[in-house]
Amino acid sequence: MFADRTNWNLKANPLSEALAQHRAEGKPLLDLTISNPTECGFDYDSHAILQALANPASLTYDPDPRGLLGARQAVAAYYAARGVAVPAGNIILTTSTSEAYSFVLRTLCNPGDEILIPEPSYPLFAFLADIQDVKLVRYPLDYDYGWQINFRALQQRVTPRTRGVIVVHPNNPTGHFTKPHELEELNQICSARNLAIIADEVFLDFALQVGQPSFTFAHNSAALTFTMSGLSKISGLPQMKAAWLIGSGPDQLKSEALARLEIIADTYLSMNAPVQHSIPTLLEQRHSFQTQLLARAKKNLAELDRQLAKQQSCSRLVAEAGWYAVLRVPATRSDEELAIDLIVQKHVYVHPGHFYDFPSEGFLVVSLITREEQFAAGVKLLLSMF
Ligand SMILES: Cc1ncc(COP(=O)(O)O)c(C=O)c1O
């Protein structure tokens, strides 16, 4: 009855079962995995946000497949504020970064074609690829006082069916930026082998260290490049379902890609008018949101370091940017078993590294956007396990 691509294993994994049971028993839990910014006590300008959604222009249906020009111009202004000129014509609005991925994969890949993705990285890729009939091939990120792309392995994994390379810049959950020399190498490989670069920049604005280089791929021109971002992270408004996709690269390839993407976008016209009209205001909200979020993430990181300094079993990996920290912990059992034991014995919930395809056991991921008191108490309990 059903397509093979939906033959997912829908059984709850042991960690979700343990979590559900813990909650059902009404026991307390310090959740260090929170990633929904609307539940973290940040102060939003609710009046401005709600007013923006009530624009009378929304009463008229006047669709543009790439998205309303005023909204695209606001996105262009976001890049202009970083000193980068992105023509509004190169921008296509989507309802999420996930939708942007799906448009790009549909534009690039025939069924069974391959896309390279970083390992470790964000777990949603597997489903996105299944839905588009695309095969994911992983290229390793190596950790050596910071993360870097293993280009030797990346090149070995390119096959005649490879269509593109995904880079998450900065990556989730490792929190590292792609470096300028890595961009150069990616450009060389991708232009020589006719591959597209797909750059996910949802965490670009969240540098945790002063003076961190954070260029954008949005004007990368040496290889066909699709850059995506959106308001879920930039302004902490995932409920608005507003994101975008930018095409750049050699002129002819870029124009052809954008023309094809426009047909896909025109087929769905998925973004509603009220949200499109509100995008200039919603983007403005980023200033206040990012100030609050970065203050909290830096404070939590400092607290984590303070507690780590008092013991010797665990350490944290370098975090350049983003909303997460990666802990190196003794690998005396699988990360999943450890995460379950932490729920049952310490009433703390963290993500095991295997959730993000870390290549070995011994990694846990904690969210830096957790409220400060909860974070400090949760880390204390977590470290008391070792
Ligand atoms: C790297 C990365 N890309 C994309 C997304 C999803 O963004 P959106 O809400 O726009 O689909 C997330 C969400 O956590 C993410 O971590």
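Whatever order the structure lists them in is the order used to number ligands and atoms, beginning at 1. What you are looking at is a predicted structure, and each value in this text was computed from that prediction instead of being measured.
Taking every heavy atom of Ser232 and a limit of under 4.0 angstrom, the matching atoms of ligand 1 come to 8 (P), 9 (O), 10 (O). If you number the atoms of ligand 1 from 1 as listed, the ones under 4.0 Å from a heavy atom of Val168 come out as 1 (C). Within ligand 1, the atoms closer than 4.0 Å to a non-hydrogen atom of Lys233 are 12 (C), 13 (C), 14 (O), numbered from 1 in the order shown.
The option from Thr97, Thr94, Asp200 that lies nearest to atom 7 (O) of ligand 1, judged by heavy atoms, is Thr97.
Between Lys241 and ligand 1 there is no heavy-atom distance shorter than 4.0 Å. Within the 4.0 Å heavy-atom cutoff, Gly230 does not count among the residues contacting ligand 1. At least one heavy atom of Phe203 sits closer than 4.0 Å to an atom of ligand 1.
In the model, Tyr79 has no side-chain atom that pairs as donor or acceptor with a side-chain atom of Asn90 under 3.5 Å. Residues Trp8 and Asp130 have side chains that bring a donor and an acceptor to within less than 3.5 angstrom of each other.
Under the side chain to side chain contact (heavy atoms under 4.5 Å, CB included) rule, Ile115 has a single partner from Leu195, Ile198, Thr162, which is Ile198.
Ligand 1 has no N or O atom lying under 3.5 Å from any N or O atom of Tyr101, backbone or side chain.
Summary of contacts: the protein heavy atom closest to atom 16 (O) of ligand 1 is Asn172 ND2, 2.7 Å. Distance from atom 6 (C) of ligand 1 to its nearest protein heavy atom, with residue and atom name: Tyr122 OH, 3.3 Å.
Looking at Tyr145, its side chain never comes within 3.5 Å of a backbone N or O of Val318 through a donor-acceptor pair. Side chain of Arg316 to backbone of Asp305: no donor-acceptor contact under 3.5 angstrom is found.
His351 and Phe355 have parallel rings, their planes meeting at less than 30° on a 0 to 90° scale where 60° marks the start of perpendicular. Between His347 and His22, the ring-plane angle classifies as perpendicular under the 30° and 60° cut-offs.
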